[in-house]
Amino acid sequence: MKTGWKIATAVVLIGGSVWAGSLLNMQAEGAGTTPGTADDPVVTKSYVDQAIQQAIGGGGGSSTPNSPSTGGSGSSSSEAGIQIVDVKPGKILVAAAGAEFIVRSGKAVIYSADSNGVADLTDGKDITNGGTVANNHLLSFPREGRGIQVQEGDTHNLTVMVRGGYQIK
């Protein structure tokens with residue numbers, strides 16, 4: 001008798017679950033869209049990049065990397081993107097307002113005509129005039145007239161990634 005109740009209870013529970021599941025069988029919201037259409041909320045990175053290029057007016061063409069500058073008395077505007085600049089000993093790479101530098105190789109120190117320094121965004125510190133710059137740290141130059149130069153006594157060039165305007169003096 002006890003076994004009969006167990007079997008009957010199991011049959012009722014399983015049957016009720018199947019019946020309730022068939023009543024609640026609804027399609028998930030959003031599943032009715034076709035992938036890749038305008039209604040699809042999930043997009044790929046390539047689609048977003050292409051849409052941004054079209055919005056900017058660039059047309060989505062590929063860009064070629066810039067060749068390193070010779071370290072002469074060159075200058076650049078902020079429209080050029082990221083450039084690789086070589087700074088020879090005795091020369092100063094002076095940033096325009098809003099420029100960003102990353103020293104990739106060499107030993108660099110900060111050059112500043114006033115008491116204010118340059119923001120090291122990687123460490124969250126302010127580096128004052130003559131302070132050493134760690135390689136691969138992002139430096140932000142809020143005002144023009146500040147820059148970097150090769151550390152005194154070092155004979156090797158600096159290789160610097162530059163975004164924004166600059167001058168070599």
Side-chain angles (χ1 to χ4, degrees), residues 1-69 76-87 93 95-110 112 116-128 131-143 146-148 151 156-166:
M1 180 108 168
K2 289 185 181 180
T3 335
W5 280 104
K6 288 181 185 178
I7 292 174
T9 305
V11 169
V12 169
L13 285 175
I14 291 173
S17 297
V18 170
W19 176 72
S22 67
L23 289 178
L24 299 175
N25 183 18
M26 293 185 217
Q27 190 175 21
E29 190 173 324
T33 61
T34 306
T37 63
D39 296 331
D40 186 14
V42 180
V43 295
T44 62
K45 182 183 179 309
S46 61
Y47 172 78
V48 172
D49 291 343
Q50 184 181 30
I52 290 172
Q53 286 297 325
Q54 288 176 350
I56 293 174
S62 64
S63 63
T64 58
N66 296 324
S67 61
S69 71
S76 171
S77 67
S78 60
E79 297 175 13
I82 295 179
Q83 295 185 348
I84 307 299
V85 179
D86 290 326
V87 182
L93 180 62
E100 296 176 334
F101 292 174
I102 299 176
V103 178
R104 295 291 291 152
S105 68
K107 295 182 179 179
V109 294
I110 296 296
S112 179
N116 293 326
V118 175
D120 182 347
L121 300 178
T122 304
D123 273 345
K125 294 190 231 175
D126 195 48
I127 305 173
T128 56
T132 60
V133 177
N135 287 0
N136 300 315
H137 280 222
L138 178 62
L139 305 175
S140 176
F141 296 85
R143 294 187 182 145
R146 302 172 188 169
I148 59 173
Q151 189 173 21
H156 301 323
N157 291 350
L158 293 176
T159 302
V160 183
M161 292 174 55
V162 177
R163 180 176 17 204
Y166 69 90

>> Set out, in order, the CA-CA distance, both residues' side-chain angles and the distance that settles side chain to side chain contact (heavy atoms under 4.5 Å, CB included) for V160 and L93, then state yes or no.
In response: CA-CA 9 Å; V160 183; L93 180 62; 4.0 Å; yes
Would you mind reporting whether [Y] and [X] have side-chain heavy atoms less than 4.5 Å apart?
X	Y	answer
V87	N157	no
I84	V162	no
F141	I148	yes

Can you tell me how far the [atom1] atom of [X] sits from the [atom2] atom of [Y], to the nearest 0.5 Å?
X	Y	atom1	atom2	value
R163	I82	CZ	CD1	4.5 Å
H156	Q151	NE2	CD	12.0 Å
L158	K107	CG	NZ	11.5 Å
T132	I127	OG1	CD1	7.0 Å

Nearest heavy atoms of [X] and [Y], plus distance in Å:
X	Y	value
N135	S105	ND2-CA, 3.8 Å
A99	G165	CB-O, 3.5 Å
P142	A97	O-CB, 3.8 Å
S112	R146	OG-CG, 3.7 Å
T122	L138	OG1-N, 2.9 Å

>> Please determine whether side-chain hydrogen bond (donor to acceptor under 3.5 Å, both in side chains) holds for the pair N136 and R104, giving the CA-CA distance in whole Å, both sets of side-chain angles, and the decisive distance to 0.1 Å.
In response: CA-CA 5 Å; N136 300 315; R104 295 291 291 152; 2.4 Å; yes
>> The test is side chain to side chain contact (heavy atoms under 4.5 Å, CB included); show your working for L139 and V133 and say whether it passes.
In response: CA-CA 9 Å; L139 305 175; V133 177; 3.5 Å; yes
